[in-house]
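Take a look at the structure set out below.
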Amino acid sequence: QVQLVESGGGLVQAGGSLRLSCAASGRTSSIYAMGWFRRAPGKEREFVARITWSGGSTYYAESVKGRFTISRDSAKNTVYLQMNSLKPEDTAVYYCASRSGPGPAFTTTGYGYWGQGTQVTVSS
């Protein structure tokens, strides 16, 4: 019902920046919020950030607060993740996800649709 496609991942040196994009299609009118999660090798998928579609309210994981910025362009059905001051521990596959209603932002359970992921590798 909602299709999500991430882009913008790549290899960057520690301290550098990347901007991820996630384009949504399908029943985009159902989107209440979009979020970013990541999965590092050997780790569980963890919450990064989310933004509500209407009000633009943001919420961040403590590990990225002050370094990452989530934003959205509702007209383009696109959410972005600006990542600054990247650290090697930020290396992961980053996924965007959408949800149709409110709930805990940091859990995966409320997000009904997921993108395929984009690799972010931060070298030291």
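- Identified under the disulfide bond (SG atoms under 2.5 Å apart) test for residues 58-94, with sequence neighbours left out: none.
- To the nearest 0.5 Å, atoms OG1 (Thr121) and CD (Gln13) are separated by 13.5 Å.
- Note on Val93 and Val12: separate hydrophobic clusters, where clusters join Ile, Leu, Val, Met, Phe, Trp and Tyr whose side-chain heavy atoms are under 4.5 Å apart, directly or indirectly.
- Arg72 places no side-chain N or O within 3.5 Å of a backbone atom of Thr78 that could act as its donor or acceptor partner.
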Check the pair Gln82 / Ser71 against side chain to side chain contact (heavy atoms under 4.5 Å, CB included), numbers first and verdict last. CA-CA 8 Å; Gln82 178 66 46; Ser71 62; over 6 Å; no
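- Glu6 places a side-chain N or O within 3.5 Å of a backbone atom of Gln116 that can act as its donor or acceptor partner.
- Here the closest heavy-atom approach between residue Leu81 and residue Ala49 is recorded as CD1-CB, 4.3 Å.
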Checking side chain to side chain contact (heavy atoms under 4.5 Å, CB included) for the pair Ile70/Tyr60: CA distance, chi angles, key distance, verdict? CA-CA 8 Å; Ile70 189 171; Tyr60 297 92; 3.5 Å; yes
Would you mind writing out the side-chain donor-acceptor pairs for residues 20-28 within the sub-3.5 Å range, not counting sequence neighbours?
{"unit_1": "Ser25", "atom_1": "OG", "unit_2": "Gln3", "atom_2": "OE1", "d": "3.4"}
{"unit_1": "Arg27", "atom_1": "NH1", "unit_2": "Gln1", "atom_2": "OE1", "d": "2.9"}

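- Val122 and Val64 fall within the same hydrophobic cluster, defined by Ile, Leu, Val, Met, Phe, Trp and Tyr side-chain heavy atoms under 4.5 Å apart, directly or through other members.
- Using cut-offs of 30° and 60° for the angle between ring planes, the Phe106 and Tyr59 rings count as tilted.
- Checked against a 6.0 Å centroid threshold, the rings of Phe37 and Phe47 count as neighbours.
- The pair Glu46-Arg38 meets the salt-bridge criterion, since a charged nitrogen lies less than 4.0 angstrom from a carboxylate oxygen.
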From CA spacing to verdict: side chain to side chain contact (heavy atoms under 4.5 Å, CB included), Trp53, Ser74: CA-CA 7 Å; Trp53 219 237; Ser74 298; 3.7 Å; yes
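- Contact annotation: the side chain of Leu11 never approaches that of Gln119 to less than 4.5 Å [non-hydrogen atoms, C-beta and beyond].
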Would you check, one step at a time, whether the test side chain to side chain contact (heavy atoms under 4.5 Å, CB included) holds for Tyr113 with Ile31? CA-CA 10 Å; Tyr113 300 97; Ile31 297 175; over 6 Å; no
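- Trp114 places none of its side-chain heavy atoms less than 4.5 Å from the side chain of Cys96.
- Judged purely by atom type and a 3.5 angstrom limit, Tyr94 has no side-chain atom pairing as donor or acceptor with the backbone of Arg39.
- A single hydrophobic cluster is seen to contain both Ile51 and Val2, as judged by linkage of ILVMFWY side chains at heavy-atom distances under 4.5 Å, directly or through other members.
- When all heavy atoms of Ala40 and Thr91 are compared, the closest pair comes out as CB-O, 3.6 Å.
- Contact check for Trp36 versus Val79: side-chain heavy atoms found under the 4.5 Å cut-off.
- Contact annotation: the side chain of Arg50 approaches that of Ser57 to within less than 4.5 Å [non-hydrogen atoms, C-beta and beyond].
- Interatomic distance, CG of Leu86 versus CZ of Phe68, reported as 5.0 Å (0.5 Å rounding).
- Closest non-hydrogen pair, Ser98 versus Met34, comes out as CB-SD, 3.8 Å.
- Residues Asp73 and Tyr80 meet the side-chain proximity criterion, which asks for heavy atoms closer than 4.5 Å.
- Following chains of ILVMFWY side-chain contacts shorter than 4.5 Å, one can reach Leu4 starting from Val120, so the two form part of one hydrophobic cluster.
- Formation of a donor-acceptor pair under 3.5 Å by the Thr118 side chain with backbone atoms of Gly9 is found in this model.
- Because its NZ or CZ atom is both nearer than 6.0 Å to the ring centre of Tyr111 and within 45° of the ring axis, Arg99 counts as a cation-pi partner of that residue.
- Around atom CD of Glu89, more than 12 heavy atoms belonging to other residues, nucleotides or ligands sit under 6.0 Å away.
- Contact detail for Ala14 and Pro88: the closest heavy-atom pair is CB-CD, 4.1 Å.
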